[in-house]
Each structure stands twice: as structure tokens, then as C-alpha cells.
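The structure appears below as C-alpha cells.
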Amino acid sequence: MSHAAARLGLPDTLATVTTDRPRLRFAPSPTGYLHVGGARTVLFNWLHARRTGGELILRIEDTDTERNRPELTENILDMLQWLGLGWDGEPTYQSARMNLYREAADRLFASGRAYWCDCTAEASQARAKERGGPPGYDGFCRDRALGPGPATALRFRSPDDGATTFEDLIRGTVTVENSTLEDFVLLRSSGTPTFLLANIVDDADMAITHVVRGEEHVNGTPKYLCLGDALGLDYRPVFAHLPVLVNEGRQKLSKRRDSVSVQEFKDQGYLPSAIVNYLALLGWGPKDGVEIRPLEEFVEQFRLEDVTSSPAFFDVKKMQHVNAEHLRALPLPEFLDLARPFLTRGAEAEAALEPIAALVQERVRLLTEVERMIAFLFDEPLEIDEASWTKAMVKGKAAPEMLDASITGLDALGDWAAETIRTAIEAAAVSVGLVNAEGHAQLSKAQGPIRVSTTGRSVGPPLFESLEALGRERTLARLRAARERL
RNA sequence: GCCCCCAUCGUCUAGUGGCCUAGGACACCACCCUCUCAAGGUGGCGGCACGGGUUCGAAUCCCGUUGGGGGUGCCA
């Protein structure tokens, strides 16, 4: 199996059967942690590559040496791996290919398609404001015949007439008048290339067949294409511009405002499979309507051309639901393994979790919720939730009697097991008159005071199993302590 | 301002001219189940932005309006 095939986990036959298989790329820039928007972009690239037997290349766009934070590249790579969205071959770093972009820039200058400009951003903004026209660069230096220098940037001489059209798998045909394209910067005064230049040079050089990226790039596409033409590149990839992900204010998700880094969700106890599952549902949906499913099935069903074209709200509530579903579907040992890193008390918490793990598993939405659910089993003074206490002890019926009767009954128990505990508590309930019409114990009422006394809360895993795990000594001690407090 | 894109329940979506008195999921509400909470079950709430066309017939096609978003950086 080829190295590339191994990274994507593709069978060799699939990886080599066609000579002209699709080549896609994910091109993050290390200016921030990997966030859910980026993760969704990789996912759609990845799904299309996997389904079509294509390749997915990872390209780190680190040409802006000023803003670049190399340590973030590690996070991006880690998170991609953690999500299970691998790439083919070694990642490419644009910082290692600067010569390629400079050569392209030189060619553009030599052919008259680019010119040097010494306007500062402030100056061109001031001019725009003064003339009251549209913001943006006005072509001030177009014919000044400036040469390179410490404060000059190379700009592209955008075509003045004609129109640029491209086909988008998601949006159909998009046409833009070339006259609306401003003369954008190719080379910064520092000599480093900008996004558009590096982008087209690399996509063509790497023979990328499908450019799948966020909607925010739609407007840049005509510039990218004009640049390619000016470079004499006979290159036209297929485009697919994914709808942006938005927050509750319907604004594009931003790392600043919204806390949406993949790392953060990982730390909160989301499963990678759940994140990926949820993300696949944003801007796209399986034809059969089955939303909760493994990645492999998304590979089979996913079609780029079926992606929606309107922005999608990133709904944490729904992602939590998806996570809960994935958590419950886990084999118990696996659930324990995954929960372990979230247990801040180490061995003690592990020991506490073990006997009631299955009961906890079906009750948590996030792995971070596990510890709180078993906190009553820790060897330390019980923290009692006041609202729960009031509800069960003050407003609840016959709390003192119920506690007394349970203490007596449980103290006399031979076998300390969930079933015998249940029997004892039922008997206690009957003895204090907490019975239904048939004369059976009314456990829904009777369990309240006991639950709050022993676990500190009114909600939690089933009581009898919890008490079995708590043990006779601690159960009785807590029951007595609660009785005294009444 | 200019350019581009978008428009089905609160949210994510199904729907590609008749199968739609618009289907599913999340959220919410009620009931059932039940030792609490979850889970599960049943039901409910709730939508084709508006106006014109085209057509025997439009959520679906066309035009316009309105609304929203994205871009307009020596960020990507």
C-alpha cells in the first residue's frame, strides 16, 4: 500500500485504480486553533476524497511571517488526527516554497501584469474617504513605474474590462465584472507573498482538481482566476464554496466572539465521532434522514453537489445530543477508557465509577459530566444541594419517619446489594404509610429523602445501585447525619 | 457605497413541477413508562419571506421587492 493510501486508510486498489483521481486540499493558516468551521471544511473535503478514491493534501498557509504562530500548526495537525480526518503524504508548508511564489511575481512584473506601489494602507484609505467613492485601493501607482524597495508592495494589475465566470458545484455559475476587481497586493513590502498568489501557484502546481472551501472565498475567486490567466496557467479547478457557519446572531463564527475551537470541545468531553457526525449535518443531510451514524456511512452518502448554499447555525445543543447518542453507543470498556482522562481524582474516581459505569453512561451528554455524577462516592464530606434538600426534606412527606425506618431496616440487612436494599426501603415506605392504592410502597416519594441524604442531590443514577456502591457504613452514617439535621 | 451569495418550522434539514392539507431531527410542551434523573414511547406546538409572472398545476421555474450574510486588508 502506498504511503498516501495508508494515511487515508484506503485499500490499495482504490488508491491506484485511476490515474486521474481527484486531488483536494485543506489549507489552514496557523493564525488560530482549529475551529469547527475549519473542521467542517476538512470534513467535506475528506468525505469527497474518500468517496471518490481521491487524495487530500494538507497545505499550511504560513506566508505571513508577522501573524504566523508556528506552534498553532501542531494544534491543527493534532486536532485533525484526533477527529480522524487524516491527509495524504506529508503536509506542505508554503513558507518552504517562497521562491516559487516570488518567481511567479517576477513573471507578472516582467509581463507588465503587476506593478510596484508605495502607498500605505492609511494613504489609500484616506484617498478613498476623500473622493467618497468605494473603499479599497484606487490604482494610484499603476503608471508611476516604481521599482522594488523597502516600502513597496507588488500589486496585480487587474483587468479593466471583461468578466470572469466560474462554475461552483454548490452555487452554480458565478460571474463578476473584472472592473470591480481592485489591484490587490501580490508581494508585501517585506517580500512575502500573499494568500491569492500563493494559492493559485500551489493549487496549479499541486494539480488540485477540487477547491472546496468556505463561502468567504467566493469573492476572491475571480481574482484568483485572473491571476492564473495572467501567469499563463491553463488551470481551472472545480469549485465548491461551502456555506459559512454562523452564531446565534447569524454572524460568521469567529474565534474571538464564539468559543468554537475543536480543542475546547475535546476538553469538554465531546467524542471526535460525535463532532464529525454533527458537522456533517451542517449544510448537508443524508437522503434517508438517518442523522446519527458512523463516518463510514457518511462517506458512502456524501455528495458535494448536494450541499446547501445558505449559512448554517452552529447549534451546540444539537451537538450535545449527538454526543450523548455516541456516548451511549459505546461498549462499556471503551466508555470507561474515554472517561478516565476526565476523572480529576484519578484512581479514587475510577474505583467509584466502575460499579455504576453503565448507569452513568446512559445519563451523560459530555464526558466532563461523569465526575459530578459519581461525586457522592468520593471519600469526603458530602456536599448537599440546598434546593434538593428543601424539596425532599421540607416539602416532601414524612421525611423524618422515612429516614428512621430506613436506618432501622438497612442496619438490619444481611446482604448489602441493590435488590435487598430495595426490599428494605420498600418495607420502610410501607411502614410509614407511603403506599399506593394497592398498598404497595410508593418509591417515587419514599426515595427522595434517602437520595438527598446519601448523594446530596435529587437527581442521579438509580438509588439502590448507588447505595450498594456507597456501602453500608457510609450509607447509614449519611442517613443518620441527615436525620439529626432535621 | 460597490460586488457577490443566500432565503422551507426557533434551529439543522428533506423536498429538483403533481406523491406536500410540506416529511425528519434538535429544542420546547403534555402524557405514558418509571425508585429520581436520563433513555424510550405517544401526541402537541411550529415553516415554504412578500409581490408578480410561466403552467392545467409551483415550496419547487422566471422577474422584482424585502430581509440576511459574505467580500471589499501589505489576514487567510
Side-chain angles (χ1 to χ4, degrees), chain A residues 27-32 61-64 66-68 117 119-121 124-125 128 132-137 151-155 168 170-172 174-177 179-182 184-190 192 194-196 198-199 213-222 241 243-244 246 248 250-252 278 281-292 308-315 317-322 324-325 328 359-365 373 388 392 422 425-426 429 441-448 450-452 455 457-466:
Chain A
S29 86
T31 52
E61 307 222 322
D62 54 353
T63 60
D64 188 350
E66 307 263 313
R67 295 162 207 256
N68 208 12
C117 164
C119 300
T120 59
S124 54
Q125 267 166 30
Y137 186 69
T152 57
L154 188 70
R155 285 186 186 273
D168 189 299
I170 298 169
R171 273 147 231 283
V174 179
T175 301
V176 176
E177 294 296 326
S179 59
T180 67
L181 270 28
E182 63 276 19
F184 54 94
V185 169
L186 260 15
L187 247 34
R188 302 185 184 93
S189 50
S190 65
T192 56
T194 57
F195 160 71
L196 255 356
N199 230 232
R213 54 190 351 180
E215 184 189 354
E216 63 270 24
H217 294 292
V218 171
N219 281 271
T221 304
H241 288 101
V244 288
V246 298
E248 43 298 310
R250 292 253 133 211
Q251 305 289 311
K252 186 172 83 162
Y278 174 63
L281 267 19
L282 286 183
W284 180 79
K287 287 274 181 271
D288 60 10
V290 179
E291 294 188 330
I292 308 294
T308 317
S309 43
S310 45
F313 171 61
F314 182 77
D315 186 356
K317 280 244 185 81
K318 180 143 184 178
M319 187 164 74
Q320 278 179 1
H321 167 79
V322 174
E325 295 264 17
R328 279 194 293 272
L359 302 173
V360 171
Q361 181 183 12
E362 52 187 337
R363 285 170 172 75
V364 292
R365 289 173 308 171
M373 202 158 281
S388 298
R422 179 194 183 106
I425 289 177
E426 276 174 346
Q442 216 167 11
L443 281 177
S444 59
K445 288 197 175 118
Q447 58 102 36
I450 301 171
R451 178 180 292 280
V452 174
T455 72
R457 303 173 61 202
S458 58
V459 299
L463 184 62
F464 312 125
E465 285 80 357
S466 296

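Here the structure is a predicted model, which means the values were calculated and not measured. Chain naming here is simple, since letters A, B, ... match the order of the sequence lines and numbering starts at 1 in each.
Of the two residues near RNA chain B, Y278(A) and V459(A), the one whose nearest nucleotide lies more 5' is Y278(A). Toward the 5' end of RNA chain B, the nearer of the two residues R171(A) and L281(A), judged by each one's closest nucleotide, is R171(A).
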Sugar-phosphate atoms are those with a prime plus P, OP1 and OP2; base atoms are the rest. Using that split, label each nucleotide of nucleotides 62-76 of chain B B, S or - for protein heavy atoms under 4.0 Å, 5' to 3'.
-------SBSSBBSB
Could you list all N or O pairs between the protein and nucleotides 24-26 of chain B that sit under 3.5 Å apart?
from   : atom 1 : to      : atom 2 : distance (Å)
G24(B) : N2     : E291(A) : OE2    : 3.1
A25(B) : O2'    : E291(A) : OE1    : 2.6
A25(B) : O2'    : K318(A) : NZ     : 3.0
A25(B) : N3     : K318(A) : NZ     : 3.4
C26(B) : OP1    : H321(A) : NE2    : 3.4

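Base-pair partner of U16(B): not found among the strands shown (Watson-Crick or G-U wobble, both distances under 3.5 Å). U72(B): Watson-Crick or G-U partner is G1(B), with both key distances under 3.5 Å. Across every strand in view, A25(B) sits in a pair with U11(B) that passes the Watson-Crick or G-U test at under 3.5 angstrom. Shown here, C50(B) forms a base pair with G64(B); the pair counts as Watson-Crick or G-U wobble because both key distances fall under 3.5 Å.
The distance from atom CZ of R363(A) to atom P of C35(B) is 12 Å, rounded to the nearest whole Å. When rounded to the nearest whole Å, the span between CD of Q442(A) and P of U34(B) equals 13 Å.
Taken from OG1 in T31(A) to CD in E66(A), the straight-line distance is 13.5 Å, to the nearest 0.5 Å. Rounding to the nearest 0.5 Å gives a distance of 9.5 Å between CG of N199(A) and OG1 of T63(A). Here L186(A) contributes atom CG and T192(A) contributes atom OG1; the two are 11.5 Å apart, rounded to the nearest 0.5 Å. R188(A) contributes atom CZ, which lies 6.0 Å from atom OG1 of T194(A) (distance to the nearest 0.5 angstrom).
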Run the side chain to side chain contact (heavy atoms under 4.5 Å, CB included) test on V244(A) and E216(A) for me, step by step, so that the C-alpha distance in whole Å, both residues' side-chain angles and the decisive distance to 0.1 Å come before the verdict.
CA-CA 7 Å; V244(A) 288; E216(A) 63 270 24; 3.6 Å; yes
Hey, mind stepping through F195(A) and S29(A) against side chain to side chain contact (heavy atoms under 4.5 Å, CB included) and telling me if it holds?
CA-CA 10 Å; F195(A) 160 71; S29(A) 86; over 6 Å; no
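Residue R328(A) is classed as a sugar-phosphate contact, given heavy-atom separations below 4.0 Å to backbone atoms only. The residue G448(A) sits apart from the nucleic acid: no heavy atom pair falls under 4.0 Å. Contacts of T221(A) with the nucleic acid, taken as non-hydrogen atoms under 4.0 Å apart, are absent. P461(A) comes within contact range of at least one nucleobase, with a heavy-atom separation under 4.0 Å. The residue T175(A) sits close only to the backbone: its heavy atoms come under 4.0 Å of sugar-phosphate atoms, none of a base. Residue S458(A) is in base contact, counting any heavy-atom pair closer than 4.0 Å across all strands shown. Among the protein residues, E465(A) comes within range of the nucleic acid bases, having at least one heavy atom under 4.0 Å from a base atom.
Comparing the C1' positions of C35(B) and U13(B) gives an interatomic distance of 39 Å, to the nearest angstrom. The separation of U55(B) from A22(B), taken at their P atoms, amounts to 27 Å, rounded to a whole angstrom. Look at the P atom in both A14(B) and U34(B): the space between them is 39 Å, to the nearest Å. Of the C1' atoms belonging to G23(B) and U66(B), the separation is 29 Å, rounded to the nearest Å. Nucleotides G40(B) and C26(B) have their P atoms positioned 8 Å apart, rounded to a whole Å. When the C1' atom is compared between U21(B) and A39(B), the two are found 34 Å apart, to the nearest whole Å. With P as the reference atom, C19(B) and A59(B) are 9 Å apart, rounded to whole Å. Using P as the reference atom, G41(B) and C33(B) are 16 Å apart when rounded to the nearest Å.
Side-chain atoms of R250(A) never come within 3.5 Å of backbone atoms of V246(A) as a donor-acceptor pair (strictly under, hydrogens ignored). For D62(A) (side chain) and N68(A) (main-chain N/O), no donor-acceptor pair under 3.5 Å exists by modelled atom type. Side-chain atoms of Y278(A) do not come within 3.5 Å of backbone N or O of F314(A) as any donor-acceptor pair. Counting only distance, with no hydrogens or angles, the side chain of S458(A) and the backbone of S388(A) share no donor-acceptor pair below 3.5 Å.
For K287(A) and U13(B), the shortest distance from a side-chain N or O to OP1 or OP2 is not below 4.0 Å.
Nearest to the side chain of V176(A), among C35(B), U8(B), C3(B), sits C3(B).
A donor atom on one side chain and an acceptor atom on the other are not found under 3.5 Å apart for R451(A) and T455(A).
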